[in-house]
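Here the structure is a predicted model, which means the values were calculated and not measured.
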Amino acid sequence: MGDRNLSSIESDIELTRERLASTIDQLAYRTSPKTIARREVSQVKAYFVDAHGSPRTGNILKVAGGVAGVVVVFALIRKIVK
């Protein structure tokens with residue numbers, strides 16, 4: 001520690017301050033509601049469309065089948081309850 005002069009220490013403090021500010025900016029960006037929503041929408045789109053823009057019919061059919069199944073179950077429950 002005796003070899004370090006004041007300007008070297010000040011330089012290290014300034015570099016650390018800049019890295020910390022950059023990290024805080026990155027965290028603020030990553031946790032902003034708009035960024036989170038954009039990321040989630042991209043993930044959902046990627047599930048249904050591949051990188052070339054072609055629909056992923058297998059995934060679309062799975063979701064459509066699940067929705068149809070839920071509708072049928074609710075219709076049956078409603079019919080039984082009446």
Side-chain angles (χ1 to χ4, degrees):
M1 176 93 180
D3 294 343
R4 298 187 65 193
N5 60 24
L6 184 58
S7 65
S8 173
I9 294 171
E10 287 174 344
S11 175
D12 287 348
I13 290 172
E14 185 59 33
L15 287 173
T16 301
R17 185 178 294 134
E18 289 173 11
R19 282 196 310 261
L20 180 58
S22 174
T23 301
I24 290 171
D25 290 343
Q26 288 175 8
L27 288 173
Y29 173 76
R30 290 180 187 176
T31 59
S32 76
K34 284 184 181 181
T35 302
I36 293 170
R38 197 174 306 127
R39 187 172 51 235
E40 293 302 317
V41 167
S42 294
Q43 287 179 352
V44 170
K45 283 182 181 178
Y47 185 76
F48 292 108
V49 179
D50 68 12
H52 303 293
S54 301
R56 297 177 190 248
T57 53
N59 291 346
I60 293 169
L61 291 175
K62 288 178 199 175
V63 172
V67 169
V70 169
V71 169
V72 168
V73 167
F74 279 124
L76 289 174
I77 291 172
R78 189 170 180 177
K79 190 172 190 175
I80 292 171
V81 171
K82 281 186 175 181

### Message
My understanding is that a hydrophobic cluster links ILVMFWY residues whose side chain heavy atoms are under 4.5 Å apart, including indirect links. Using that, what else belongs to the cluster containing V81?
### Response
V73, I77
### ILVMFWY cluster membership beyond I24 - transitive side-chain contacts under 4.5 angstrom
L20
#### Entry: Any pair counted as side-chain hydrogen bond (donor to acceptor under 3.5 Å, both in side chains), so long as it reaches residues 20-40, sequence neighbours left out
S32-T35
### Message
For residues V44 and I36: do they belong to one hydrophobic cluster (side chain heavy atoms under 4.5 Å, members Ile, Leu, Val, Met, Phe, Trp, Tyr)?
### Response
no
### Message
I'd like to check the salt bridge (Lys or Arg N to Asp or Glu O under 4.0 Å) partners of E18; sequence neighbours left out, ordered by chain and number.
### Response
none
### Task
Give a yes or no answer on whether the side chain of T16 reaches the backbone of D12 with a donor-acceptor pair at less than 3.5 Å.
yes
### Message
In the structure I gave you, are the side-chain heavy atoms of P55 and I60 within less than 4.5 Å of one another anywhere?
### Response
yes
### Task
Please identify each residue that fulfils salt bridge (Lys or Arg N to Asp or Glu O under 4.0 Å) with D50, with sequence neighbours left out.
none
### Task
Find the distance between OH (Y47) and CG (N59) and round it off to the nearest 0.5 Å.
4.0 Å
### Query
Quick one: salt bridge (Lys or Arg N to Asp or Glu O under 4.0 Å) partners of R17, sequence neighbours excluded?
E14
